[in-house]
Amino acid sequence: MALDGTPTVVVLRALGLGDLLTAVPALRGLARAYPAHRLVLAAPQPLAPLVELAGWELAPVGELEPLPVELHGADVVVNLHGRGPQSHRLVRDAHPGRALWFEHHEIPESHGSPPWTAGEHEVARWCRLLRESGVAANPAELSLDPPPGPAPGRSAGATLIHPGAASAARRWPVDHFAAVARAEADAGHRVVVTGSRAEAPLAHELAARAELPADAVLAGSTDLEALARAVAAAERVVCGDTGVAHMATAFGTPSVLLFGPTSPAEWGPPPGCPRHRVLWAGRTGDPHSDAPDSGLLELGVEDALEAIAELATP
């Protein structure tokens with residue numbers, strides 16, 4: 001992946017699925033600002049299919065790993081990973097012609113850069129960084145075309161339920177999800193349950209509680225590209241504060257999102273969008289806790305079913 005004199009923009013965002021999708025407007029702004037440059041995103045390898053959808057080339061990098069030496073000396077390196085100092089050092093050590101980042105007092109080279117602002121929406125934050133660095137970016141540009149190919153299993157036109165989340169703090173109880181699935185099936189809607197290989201037992205438990213057919217469970221049988229096709233083809237999505245929620249936003253699939261310890265004002269879909277309904281108790285907590293957030297537990301099955309019904313209301 002040597003630069004070979006090719007003008008290059010490198011972006012560091014070696015995080016998860018939702019982090020990638022919230023960065024899409026910033027990536028688009030950079031692509032417009034540097035139309036003749038090679039565009040390289042340093043991110044985890046499993047995200048490759050969606051990085052391609054965003055029009056960028058992937059350089060596989062784990063969280064807070066050094067940028068590959070082949071990318072050192074790029075014309076521009078942009079830190080969309082965090083506020084620093086660890087990620088700033090990775091950018092600095094790659095010796096870019098120009099670095100775009102937030103100011104951090106431990107990194108003298110960042111002095112004079114835009115300031116970090118707590119509580120900003122994740123999409124708006126990175127667009128502001130670019131705008132205040134002289135690069136236009138529009139937070140509304142979140143949409144992506146889904147990957148080509150058929151929707152997996154029975155997902156086309158289905159209610160897609162994704163019960164998993166990266167931490168227990170953000171996982172709504174499985175019996176609640178099962179009750180929603182049962183109600184949707186009783187109302188005549190096809191239901192599918194998605195998740196990673198590790199989340200397959202949770203998905204099967206949900207399906208058993210809801211008395212869904214065996215082929216309703218897609219968890220463990222879809223890679224990221226197939227999951228994206230399923231979300232894009234579904235009639236609606238019901239899930240927590242996860243990467244799948246951001247997929248629903250990206251592909252324009254109506255969704256009901258159950259937020260717990262984090263505020264949807266920072267990580268939710270665009271405000272005022274009728275395609276999405278966000279449920280939140282109104283207070284924050286520890287998103288990395290090994291127990292479900294107390295506010296998330298206050299959200300009931302009827303709350304979710306009412307929000308699903310509202311999706312059909314203009």
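Computed from a prediction, not measured in an experiment: that's the story for all the values here.
No side-chain heavy atom of P254 sits less than 4.5 Å from a side-chain heavy atom of E310. Taking the side chain as every heavy atom from C-beta outward, V11 and V40 never approach each other to under 4.5 Å. Between L296 and L258, some side-chain heavy-atom pair lies under the 4.5 Å cut-off. When side chains are defined from C-beta on, T262 does not count as touching T284, because their heavy atoms never get closer than 4.5 Å. A heavy-atom distance below 4.5 Å is found between the side chains of P152 and R229. Side-chain contact between V238 and T159 is present, with heavy atoms from C-beta onward closer than 4.5 Å. Contact check for N138 versus C127: no side-chain heavy atoms found under the 4.5 Å cut-off.
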Determine whether D223 and L227 satisfy the following criterion, side chain to side chain contact (heavy atoms under 4.5 Å, CB included), listing intermediate values before the conclusion. CA-CA 6 Å; D223 58 14; L227 176 61; over 6 Å; no
Show your reasoning for whether side chain to side chain contact (heavy atoms under 4.5 Å, CB included) applies to D75 and V9. CA-CA 6 Å; D75 297 77; V9 175; 5.9 Å; no
Under the side chain to side chain contact (heavy atoms under 4.5 Å, CB included) rule, what do S155 and L218 come out as? Steps first, then yes or no, please. CA-CA 9 Å; S155 58; L218 300 180; 4.1 Å; yes
Hey, mind stepping through L257 and C239 against side chain to side chain contact (heavy atoms under 4.5 Å, CB included) and telling me if it holds? CA-CA 5 Å; L257 309 178; C239 67; 3.7 Å; yes
Take E106 and R89 through the test salt bridge (charged side-chain N to carboxylate O under 4.0 Å, His left out) and record every step on the way to the result. CA-CA 10 Å; E106 292 186 26; R89 294 190 182 105; 3.0 Å; yes
Apply side-chain hydrogen bond (donor to acceptor under 3.5 Å, both in side chains) to the pair N79 and H88, showing each step before the final yes or no. CA-CA 7 Å; N79 186 2; H88 279 17; 2.8 Å; yes
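Under the ring-ring contact (aromatic ring centres under 6.0 Å, His included) test applied with W172, the options F259, F177, W280 reduce to a single match, F177.
Contacts of R28 classified as salt bridge (charged side-chain N to carboxylate O under 4.0 Å, His left out), with partners at least two apart in sequence or in another chain: none. For the salt bridge (charged side-chain N to carboxylate O under 4.0 Å, His left out) test, residues two or more places apart in sequence or in another chain that qualify with R13 are D19, E122.
A210 approaches A178 most closely through the heavy-atom pair CB-O, 3.5 Å. Residue V10 comes nearest to A74 through the heavy atom pair CG2-CB, 3.8 Å, listed as atom of the first residue, atom of the second, then distance. Smallest separation of non-hydrogen atoms from P7 and A36: CG-O, 4.0 Å. Of all heavy-atom pairs between G243 and L21, the closest is O-CD1, 4.0 Å. T222 and G195 get closest at one heavy-atom pair: OG1-O, 4.5 Å. The two atoms that bring P163 and V193 nearest to each other are CD-CG1, 3.8 Å, heavy atoms only.
Note on V244 and L53: same hydrophobic cluster, where clusters join Ile, Leu, Val, Met, Phe, Trp and Tyr whose side-chain heavy atoms are under 4.5 Å apart, directly or indirectly. Linking ILVMFWY residues whenever their side-chain heavy atoms come closer than 4.5 Å, directly or via other members, leaves L15 and M247 in distinct clusters. Under the 4.5 Å side-chain heavy-atom criterion for Ile, Leu, Val, Met, Phe, Trp and Tyr, L212 and V174 are members of the same hydrophobic cluster. The hydrophobic cluster containing L142 does not contain V231, counting ILVMFWY residues as joined when their side-chain heavy atoms lie under 4.5 angstrom apart, directly or transitively. There is a path of hydrophobic side-chain contacts, each under 4.5 Å, that joins V76 to L27.
Using a cutoff of 4.0 Å between basic side-chain nitrogens and carboxylate oxygens, D215 and R154 are scored as salt-bridged. In summary, R32 and E141 engage in a salt bridge, as defined by a charged side-chain N under 4.0 Å from a carboxylate O. Between R283 and E298 a salt bridge is recorded (basic side-chain N to carboxylate O distance below 4.0 Å). Salt-bridge formation is detected for the pair R236/E184: a Lys NZ or Arg NE/NH1/NH2 atom is positioned less than 4.0 Å from an Asp or Glu carboxylate oxygen.
Rounding to the nearest 0.5 Å gives a distance of 4.5 Å between OG1 of T117 and CD of E120. Taking CG of L297 as the reference point, atom CZ of R171 lies at 12.0 Å (rounded to 0.5 Å). Taken from NE2 in H176 to CZ in R209, the straight-line distance is 10.5 Å, to the nearest 0.5 Å. Note that CG of L47 is 8.0 Å distant from CG of L41, once rounded to the nearest 0.5 Å. Distance OG1/T242 to CG/L17: 8.0 Å, rounded to 0.5 Å. The CG atom of L20 sits 7.5 Å away from atom OG1 of T22, with the distance rounded to the nearest 0.5 Å.
Listed for the E199 side chain is a donor-acceptor partner under 3.5 Å among the backbone atoms of S196. Side chain of H81 to main chain of A14: a donor-acceptor pair is present (N/O by atom type, distance under 3.5 Å, no hydrogens or angles). One N or O on the side chain of S167 and one on the backbone of P287 form a donor-acceptor pair closer than 3.5 Å. The closest donor-acceptor contact from the side chain of H189 to the backbone of A183 lies at 3.5 Å or more, if one exists at all. Between the side chain of S110 and the main chain of S113, no donor-acceptor pair closer than 3.5 Å is present. Although no hydrogens or angles enter the test, the distance criterion places a donor-acceptor pair under 3.5 Å between the side chain of R170 and the main chain of D241. The backbone N or O of H104 sits nowhere less than 3.5 Å from a side-chain atom of R83 that would complete a donor-acceptor pair.
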When the side chains of residues 60-67 are checked against the rest of the protein, which donor-acceptor pairs come out under 3.5 Å, sequence neighbours left out?
from, atom 1, to, atom 2, distance (Å)
E65, OE1, G62, N, 2.9

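Both the sub-6.0 Å distance and the 45° axial angle are satisfied by R125 relative to the ring of W116.
In this structure, W126 and F102 have tilted ring planes: the angle between them lies in the 30° to 60° band.
Within a 6.0 Å radius of CD in E109, other residues, nucleotides and ligands contribute more than 12 heavy atoms.
One side chain, H162 or T194, offers a donor N or O that lies under 3.5 Å from an acceptor on the other.
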